[in-house]
*Asks:* 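Could you have a look at this structure, given as C-alpha coordinates, before my questions?
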Amino acid sequence: MLERIVPVNRPAQPAIPVERAATERIGRLAIRSLYREAALAPKPGLVSPVSQGSHRDMDFSTFLRSLQALRSYFPAIAACGLQRPGFAPLRVLGIAAEAAMLAATGGVNTHRGAIFNLGLLCAAAGRLIADGEIPSAAIVCAAVQMNWAADILDGLAVLPAASQLSHGLEVARRYGSGGARQEAASGFPAALEIGLPAYRSILVATGDGELAAVQALFALIAELDDTNLLWRGGPAGLASGRCAASEFLAAGGVLADDWREHAAAIDRDFVARDLSPGGSADLLGVTLFLAELDGRD
(Lines give C-alpha, C1' and ligand atoms only; values in the text may rest on other atoms or scores of the structure.)
Protein backbone atom coordinates (compact mmCIF):
# COMPACT_ATOMS: atom_id res chain seq x y z
CA MET A 1 0.00 0.00 0.00
CA LEU A 2 1.36 3.44 -0.97
CA GLU A 3 2.11 5.77 1.89
CA ARG A 4 0.39 9.10 1.86
CA ILE A 5 2.82 11.83 0.84
CA VAL A 6 2.73 14.70 3.28
CA PRO A 7 3.81 18.03 1.77
CA VAL A 8 6.72 19.71 3.51
CA ASN A 9 6.32 23.37 4.25
CA ARG A 10 9.56 25.05 3.26
CA PRO A 11 10.28 28.72 3.82
CA ALA A 12 9.59 30.79 0.73
CA GLN A 13 12.69 31.67 -1.27
CA PRO A 14 13.32 35.40 -1.49
CA ALA A 15 12.54 36.86 -4.89
CA ILE A 16 15.46 38.13 -6.95
CA PRO A 17 15.26 41.93 -7.01
CA VAL A 18 14.07 43.25 -10.36
CA GLU A 19 17.20 45.36 -10.88
CA ARG A 20 19.51 42.43 -10.14
CA ALA A 21 17.62 40.19 -12.54
CA ALA A 22 17.89 42.90 -15.21
CA THR A 23 21.65 43.32 -14.79
CA GLU A 24 22.16 39.55 -14.90
CA ARG A 25 20.26 39.48 -18.19
CA ILE A 26 22.49 42.25 -19.53
CA GLY A 27 25.55 40.23 -18.56
CA ARG A 28 24.21 37.12 -20.31
CA LEU A 29 23.57 39.13 -23.48
CA ALA A 30 27.17 40.34 -23.44
CA ILE A 31 28.58 36.81 -23.12
CA ARG A 32 26.19 35.48 -25.78
CA SER A 33 27.20 38.24 -28.19
CA LEU A 34 30.90 37.51 -27.69
CA TYR A 35 30.34 33.79 -28.19
CA ARG A 36 28.45 34.47 -31.42
CA GLU A 37 31.32 36.64 -32.66
CA ALA A 38 33.94 34.01 -31.78
CA ALA A 39 31.93 31.14 -33.31
CA LEU A 40 31.25 32.96 -36.56
CA ALA A 41 32.93 31.66 -39.74
CA PRO A 42 34.37 32.56 -42.14
CA LYS A 43 36.04 35.69 -40.74
CA PRO A 44 39.06 37.09 -42.60
CA GLY A 45 42.24 36.74 -40.57
CA LEU A 46 40.31 36.06 -37.36
CA VAL A 47 40.01 33.06 -35.05
CA SER A 48 36.97 30.82 -35.60
CA PRO A 49 36.08 27.22 -34.74
CA VAL A 50 37.74 26.11 -37.98
CA SER A 51 40.73 28.45 -38.20
CA GLN A 52 43.34 30.33 -36.19
CA GLY A 53 43.28 33.07 -38.79
CA SER A 54 46.45 35.15 -38.56
CA HIS A 55 46.93 34.27 -34.87
CA ARG A 56 49.52 31.68 -33.90
CA ASP A 57 49.05 32.12 -30.15
CA MET A 58 45.33 31.38 -29.87
CA ASP A 59 42.50 29.26 -31.21
CA PHE A 60 38.77 28.87 -30.61
CA SER A 61 39.33 26.99 -27.33
CA THR A 62 41.36 29.96 -26.06
CA PHE A 63 38.33 32.17 -26.63
CA LEU A 64 36.05 29.74 -24.81
CA ARG A 65 38.36 29.73 -21.76
CA SER A 66 38.42 33.51 -21.84
CA LEU A 67 34.63 33.77 -22.00
CA GLN A 68 34.27 31.40 -19.07
CA ALA A 69 36.61 33.61 -17.04
CA LEU A 70 34.55 36.70 -17.92
CA ARG A 71 31.09 35.30 -17.14
CA SER A 72 30.85 37.14 -13.81
CA TYR A 73 32.39 40.40 -15.05
CA PHE A 74 29.61 41.66 -17.29
CA PRO A 75 26.73 41.26 -14.79
CA ALA A 76 29.01 42.72 -12.10
CA ILE A 77 29.81 45.86 -14.08
CA ALA A 78 26.13 46.19 -15.04
CA ALA A 79 25.28 46.01 -11.34
CA CYS A 80 27.95 48.62 -10.66
CA GLY A 81 26.15 50.85 -13.12
CA LEU A 82 23.10 50.79 -10.85
CA GLN A 83 25.10 52.99 -8.44
CA ARG A 84 25.62 55.65 -11.15
CA PRO A 85 29.41 55.43 -10.81
CA GLY A 86 32.20 57.58 -12.15
CA PHE A 87 34.80 56.01 -14.38
CA ALA A 88 37.19 54.84 -11.64
CA PRO A 89 35.08 51.93 -10.28
CA LEU A 90 34.50 50.69 -13.82
CA ARG A 91 38.23 50.79 -14.49
CA VAL A 92 38.91 48.72 -11.36
CA LEU A 93 36.45 46.05 -12.50
CA GLY A 94 37.95 46.09 -15.99
CA ILE A 95 41.49 45.61 -14.71
CA ALA A 96 40.38 42.65 -12.59
CA ALA A 97 38.54 41.15 -15.59
CA GLU A 98 41.63 41.51 -17.76
CA ALA A 99 43.72 39.72 -15.12
CA ALA A 100 41.15 36.89 -15.05
CA MET A 101 41.22 36.67 -18.85
CA LEU A 102 45.01 36.51 -18.99
CA ALA A 103 45.11 33.86 -16.27
CA ALA A 104 42.60 31.73 -18.20
CA THR A 105 44.40 32.08 -21.54
CA GLY A 106 48.01 31.80 -20.39
CA GLY A 107 48.69 35.47 -21.05
CA VAL A 108 46.94 35.74 -24.43
CA ASN A 109 44.81 38.82 -25.10
CA THR A 110 41.53 37.50 -26.45
CA HIS A 111 38.95 39.98 -25.11
CA ARG A 112 40.64 43.18 -23.95
CA GLY A 113 38.54 45.17 -26.41
CA ALA A 114 35.35 43.47 -25.26
CA ILE A 115 36.18 44.08 -21.61
CA PHE A 116 36.41 47.77 -22.44
CA ASN A 117 33.57 48.17 -24.96
CA LEU A 118 30.94 45.83 -23.57
CA GLY A 119 31.94 46.67 -20.01
CA LEU A 120 31.05 50.31 -20.64
CA LEU A 121 27.80 49.39 -22.38
CA CYS A 122 26.77 47.02 -19.57
CA ALA A 123 27.52 49.72 -16.99
CA ALA A 124 25.48 52.22 -19.01
CA ALA A 125 22.60 49.74 -19.17
CA GLY A 126 22.73 49.35 -15.39
CA ARG A 127 22.68 53.11 -14.93
CA LEU A 128 19.63 53.40 -17.17
CA ILE A 129 17.86 50.62 -15.27
CA ALA A 130 18.52 52.49 -12.02
CA ASP A 131 16.88 55.55 -13.60
CA GLY A 132 13.81 53.50 -14.52
CA GLU A 133 14.57 53.45 -18.25
CA ILE A 134 14.58 50.48 -20.60
CA PRO A 135 18.05 50.16 -22.19
CA SER A 136 18.08 50.23 -25.98
CA ALA A 137 20.93 50.36 -28.48
CA ALA A 138 20.88 54.10 -29.09
CA ILE A 139 20.25 55.02 -25.46
CA VAL A 140 23.05 52.92 -23.93
CA CYS A 141 25.55 54.26 -26.49
CA ALA A 142 24.50 57.82 -25.68
CA ALA A 143 24.80 57.07 -21.95
CA VAL A 144 28.42 55.95 -22.37
CA GLN A 145 29.23 59.18 -24.19
CA MET A 146 27.34 61.37 -21.75
CA ASN A 147 28.74 59.92 -18.55
CA TRP A 148 32.30 58.82 -19.26
CA ALA A 149 33.57 60.34 -22.53
CA ALA A 150 36.03 62.74 -20.88
CA ASP A 151 37.58 59.99 -18.74
CA ILE A 152 37.82 57.65 -21.73
CA LEU A 153 39.63 60.28 -23.80
CA ASP A 154 42.09 61.05 -21.00
CA GLY A 155 44.02 57.97 -22.15
CA LEU A 156 44.55 59.58 -25.56
CA ALA A 157 45.40 63.05 -24.27
CA VAL A 158 48.50 61.88 -22.39
CA LEU A 159 50.05 58.72 -23.82
CA PRO A 160 52.46 56.70 -21.64
CA ALA A 161 56.02 55.82 -22.59
CA ALA A 162 56.34 53.73 -25.75
CA SER A 163 57.33 50.63 -23.78
CA GLN A 164 53.98 50.76 -21.91
CA LEU A 165 51.70 51.31 -24.91
CA SER A 166 49.08 48.80 -25.98
CA HIS A 167 48.89 48.13 -29.70
CA GLY A 168 45.93 50.47 -29.97
CA LEU A 169 47.71 53.33 -28.22
CA GLU A 170 50.86 52.72 -30.25
CA VAL A 171 48.78 53.07 -33.41
CA ALA A 172 47.23 56.26 -31.97
CA ARG A 173 50.73 57.65 -31.44
CA ARG A 174 52.04 56.55 -34.83
CA TYR A 175 49.08 57.29 -37.11
CA GLY A 176 46.82 59.61 -35.12
CA SER A 177 43.99 57.09 -35.01
CA GLY A 178 41.60 57.33 -32.06
CA GLY A 179 40.72 53.63 -32.14
CA ALA A 180 38.57 52.03 -29.48
CA ARG A 181 38.75 54.91 -27.01
CA GLN A 182 37.52 57.47 -29.54
CA GLU A 183 34.77 55.10 -30.72
CA ALA A 184 33.51 54.55 -27.17
CA ALA A 185 33.75 58.21 -26.18
CA SER A 186 31.74 59.14 -29.28
CA GLY A 187 28.95 56.70 -28.37
CA PHE A 188 29.94 53.83 -30.71
CA PRO A 189 28.93 55.48 -34.00
CA ALA A 190 30.48 52.73 -36.15
CA ALA A 191 28.37 50.08 -34.44
CA LEU A 192 25.20 52.18 -34.63
CA GLU A 193 25.63 53.57 -38.14
CA ILE A 194 27.52 50.77 -39.93
CA GLY A 195 27.31 47.47 -38.05
CA LEU A 196 23.67 47.55 -36.98
CA PRO A 197 22.15 48.67 -40.31
CA ALA A 198 24.13 46.00 -42.18
CA TYR A 199 23.13 43.37 -39.63
CA ARG A 200 19.45 44.30 -39.62
CA SER A 201 19.12 44.52 -43.39
CA ILE A 202 20.33 40.94 -43.87
CA LEU A 203 18.34 39.68 -40.89
CA VAL A 204 15.18 41.12 -42.46
CA ALA A 205 16.07 39.68 -45.86
CA THR A 206 17.04 36.18 -44.72
CA GLY A 207 16.06 35.67 -41.09
CA ASP A 208 19.57 34.24 -40.57
CA GLY A 209 21.58 35.76 -37.72
CA GLU A 210 24.84 34.17 -38.88
CA LEU A 211 24.58 35.66 -42.36
CA ALA A 212 23.66 39.01 -40.84
CA ALA A 213 26.72 38.92 -38.57
CA VAL A 214 29.08 38.16 -41.48
CA GLN A 215 27.61 41.06 -43.47
CA ALA A 216 28.03 43.39 -40.48
CA LEU A 217 31.66 42.33 -40.04
CA PHE A 218 32.54 43.05 -43.66
CA ALA A 219 30.69 46.37 -43.50
CA LEU A 220 32.76 47.36 -40.46
CA ILE A 221 36.05 46.27 -42.06
CA ALA A 222 35.19 48.30 -45.18
CA GLU A 223 34.64 51.54 -43.24
CA LEU A 224 36.62 51.37 -40.01
CA ASP A 225 40.14 52.67 -39.42
CA ASP A 226 40.88 49.31 -37.83
CA THR A 227 43.82 49.74 -35.46
CA ASN A 228 44.71 46.04 -35.67
CA LEU A 229 45.02 46.24 -39.45
CA LEU A 230 47.14 49.37 -38.99
CA TRP A 231 49.30 47.64 -36.38
CA ARG A 232 49.95 44.58 -38.52
CA GLY A 233 50.02 46.10 -42.01
CA GLY A 234 50.40 49.85 -41.69
CA PRO A 235 48.35 52.19 -43.90
CA ALA A 236 48.81 49.84 -46.89
CA GLY A 237 47.43 46.89 -44.91
CA LEU A 238 44.46 48.95 -43.74
CA ALA A 239 43.72 50.17 -47.28
CA SER A 240 44.00 46.66 -48.69
CA GLY A 241 41.71 45.18 -46.05
CA ARG A 242 39.11 47.90 -46.54
CA CYS A 243 39.23 47.46 -50.30
CA ALA A 244 38.75 43.67 -50.06
CA ALA A 245 35.74 44.10 -47.77
CA SER A 246 34.23 46.77 -50.01
CA GLU A 247 34.57 44.51 -53.05
CA PHE A 248 32.89 41.68 -51.13
CA LEU A 249 29.93 43.93 -50.32
CA ALA A 250 29.75 45.34 -53.85
CA ALA A 251 29.54 41.78 -55.22
CA GLY A 252 26.40 41.20 -53.15
CA GLY A 253 27.87 40.31 -49.79
CA VAL A 254 26.27 37.30 -48.17
CA LEU A 255 23.37 37.43 -50.65
CA ALA A 256 25.68 36.39 -53.50
CA ASP A 257 25.59 32.72 -54.44
CA ASP A 258 29.38 32.39 -54.09
CA TRP A 259 29.78 34.49 -50.96
CA ARG A 260 31.46 31.74 -48.95
CA GLU A 261 34.10 31.17 -51.62
CA HIS A 262 34.69 34.92 -51.89
CA ALA A 263 34.99 35.32 -48.10
CA ALA A 264 37.33 32.31 -47.89
CA ALA A 265 39.58 33.84 -50.56
CA ILE A 266 39.78 37.09 -48.59
CA ASP A 267 40.58 35.09 -45.47
CA ARG A 268 43.45 33.30 -47.23
CA ASP A 269 44.84 36.63 -48.40
CA PHE A 270 44.61 38.15 -44.91
CA VAL A 271 46.37 35.15 -43.38
CA ALA A 272 49.11 35.19 -46.04
CA ARG A 273 49.73 38.87 -45.24
CA ASP A 274 49.35 38.40 -41.44
CA LEU A 275 46.40 40.80 -41.32
CA SER A 276 43.69 40.60 -38.69
CA PRO A 277 40.81 43.11 -38.36
CA GLY A 278 40.53 42.77 -34.58
CA GLY A 279 39.03 46.24 -34.12
CA SER A 280 36.22 45.36 -36.50
CA ALA A 281 35.69 42.06 -34.66
CA ASP A 282 35.41 43.96 -31.36
CA LEU A 283 32.76 46.22 -32.88
CA LEU A 284 30.94 43.21 -34.29
CA GLY A 285 30.61 42.02 -30.69
CA VAL A 286 29.20 45.45 -29.81
CA THR A 287 26.83 45.28 -32.81
CA LEU A 288 25.49 41.87 -31.79
CA PHE A 289 25.03 43.04 -28.19
CA LEU A 290 23.12 46.14 -29.29
CA ALA A 291 20.95 44.09 -31.65
CA GLU A 292 20.04 41.68 -28.87
CA LEU A 293 19.42 44.56 -26.48
CA ASP A 294 16.85 45.89 -28.92
CA GLY A 295 15.32 42.42 -29.22
CA ARG A 296 15.86 42.29 -32.98
CA ASP A 297 17.39 38.78 -32.99
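For reference, positions follow the sequence shown, starting with 1. Given the structure is predicted, the values throughout are model-derived calculations rather than measurements.
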*Asks:* Under 4.5 Å between side-chain heavy atoms, counting indirect links through other Ile/Leu/Val/Met/Phe/Trp/Tyr residues: same cluster for V271 and L229 or not?
*Replies:* no
*Asks:* Out of curiosity, does I115 fall in the hydrophobic cluster containing V92 (side-chain heavy atoms, cut-off under 4.5 Å, transitive links)?
*Replies:* no
*Asks:* Drop me the distance from L70's CG to R65's CZ, to the nearest 0.5 angstrom.
*Replies:* 12.5 Å
*Asks:* Quick one: does T105's side chain have a donor or acceptor within less than 3.5 Å of a partner on T62's backbone?
*Replies:* no
*Asks:* In Å, rounded to the nearest 0.5 Å, how long is the span from CG of L290 to SG of C141?
*Replies:* 4.5 Å
*Asks:* Is any side-chain heavy atom of L40 closer than 4.5 Å to a side-chain heavy atom of E210?
*Replies:* yes
*Asks:* Can you confirm whether I26 sits close enough to F289 that some side-chain heavy atom of one is under 4.5 Å from a side-chain heavy atom of the other?
*Replies:* yes
*Asks:* So T287 and L220, do their side chains get closer than 4.5 Å, heavy atoms only?
*Replies:* yes
*Asks:* For E37, is there any backbone N or O sitting under 3.5 Å from a side-chain donor or acceptor partner on K43?
*Replies:* yes
*Asks:* With distance as the sole test, does R84 use its side chain to make a donor-acceptor pair with the main-chain N or O of A130 at under 3.5 Å?
*Replies:* yes
*Asks:* Give the intermediate values and the outcome of side-chain contact (heavy atoms from CB on, under 4.5 Å) for residues L288 and Y199.
*Replies:* CA-CA 8 Å; L288 295 176; Y199 180 86; 3.4 Å; yes
*Asks:* Can you tell me if E223 uses its side chain to pair, donor with acceptor, with the backbone of A190 under 3.5 Å?
*Replies:* no
*Asks:* Work out which heavy atom in D282 is nearest to a heavy atom in N117; give both atom names and the distance.
*Replies:* CB-ND2, 3.9 Å
*Asks:* Report whether I221 and L255 are members of the same hydrophobic cluster (ILVMFWY, side-chain heavy atoms less than 4.5 Å apart, transitive linking).
*Replies:* yes
*Asks:* In Å and rounded to the nearest 0.5 Å, what is the CG to CG distance from L64 to L34?
*Replies:* 11.5 Å
*Asks:* For a 4.5 angstrom cut-off between non-hydrogen side-chain atoms, does L217 reach P44?
*Replies:* yes
*Asks:* Quick one: pull up CG in N109 and CE in M101 and give me the separation to the nearest 0.5 Å.
*Replies:* 4.5 Å
*Asks:* Under 4.0 Å between a side-chain nitrogen and a carboxylate oxygen: does that hold for R181 and D154?
*Replies:* no
*Asks:* How many angstroms lie between CG in L90 and CD1 in I77, if you round to the nearest 0.5 Å?
*Replies:* 4.5 Å
*Asks:* Restricting to non-hydrogen atoms, name the atom on G45 and the atom on H55 that form the minimum distance, rounded to 0.1 Å.
*Replies:* O-CD2, 3.5 Å
*Asks:* Kindly determine whether L249 and Q215 satisfy side-chain contact (heavy atoms from CB on, under 4.5 Å), including the steps that lead there.
*Replies:* CA-CA 8 Å; L249 296 171; Q215 186 83 352; 3.6 Å; yes
*Asks:* Considering all heavy atoms of both residues, which atom of H111 and which atom of S66 are nearest to each other, and what is their separation?
*Replies:* ND1-OG, 2.7 Å
*Asks:* Roughly how far apart are S280 OG and R242 CZ, rounded to 0.5 Å?
*Replies:* 9.5 Å
*Asks:* Would you call the rings of W259 and F248 parallel, tilted or perpendicular if under 30° counts as parallel and over 60° as perpendicular?
*Replies:* perpendicular
*Asks:* Quick one: closest heavy-atom pair of L192 and G187, and the distance?
*Replies:* CD1-O, 3.6 Å
*Asks:* Determine the minimum heavy-atom distance between A216 and G195, stating which atoms define it.
*Replies:* CB-O, 3.6 Å
*Asks:* Tell me whether D274 is salt-bridged to R56, with the criterion being a basic N under 4.0 Å from an acidic carboxylate O.
*Replies:* yes
*Asks:* May I ask you to test the F188-L283 pair for a side-chain heavy-atom distance under 4.5 Å?
*Replies:* yes
*Asks:* Any side-chain heavy atom of V144 within less than 4.5 Å of one from I152?
*Replies:* yes
*Asks:* If we ignore hydrogens and angles and just use 3.5 Å, is the side chain of D131 paired with the main-chain N or O of E133 as donor and acceptor?
*Replies:* no
*Asks:* Does any non-hydrogen side-chain atom of L93 lie less than 4.5 Å from one of Y73?
*Replies:* yes
*Asks:* Go through the steps for R273 and S240 under the test side-chain hydrogen bond (donor to acceptor under 3.5 Å, both in side chains), then give the verdict.
*Replies:* CA-CA 10 Å; R273 302 176 61 187; S240 175; 2.4 Å; yes
*Asks:* For S276 and N228, run side-chain hydrogen bond (donor to acceptor under 3.5 Å, both in side chains): C-alpha distance rounded to whole Å, both residues' side-chain angles, the deciding distance at 0.1 Å, then the answer.
*Replies:* CA-CA 6 Å; S276 176; N228 281 267; 5.7 Å; no
*Asks:* Does a side-chain heavy-atom distance below 4.5 Å link L128 with I134?
*Replies:* no
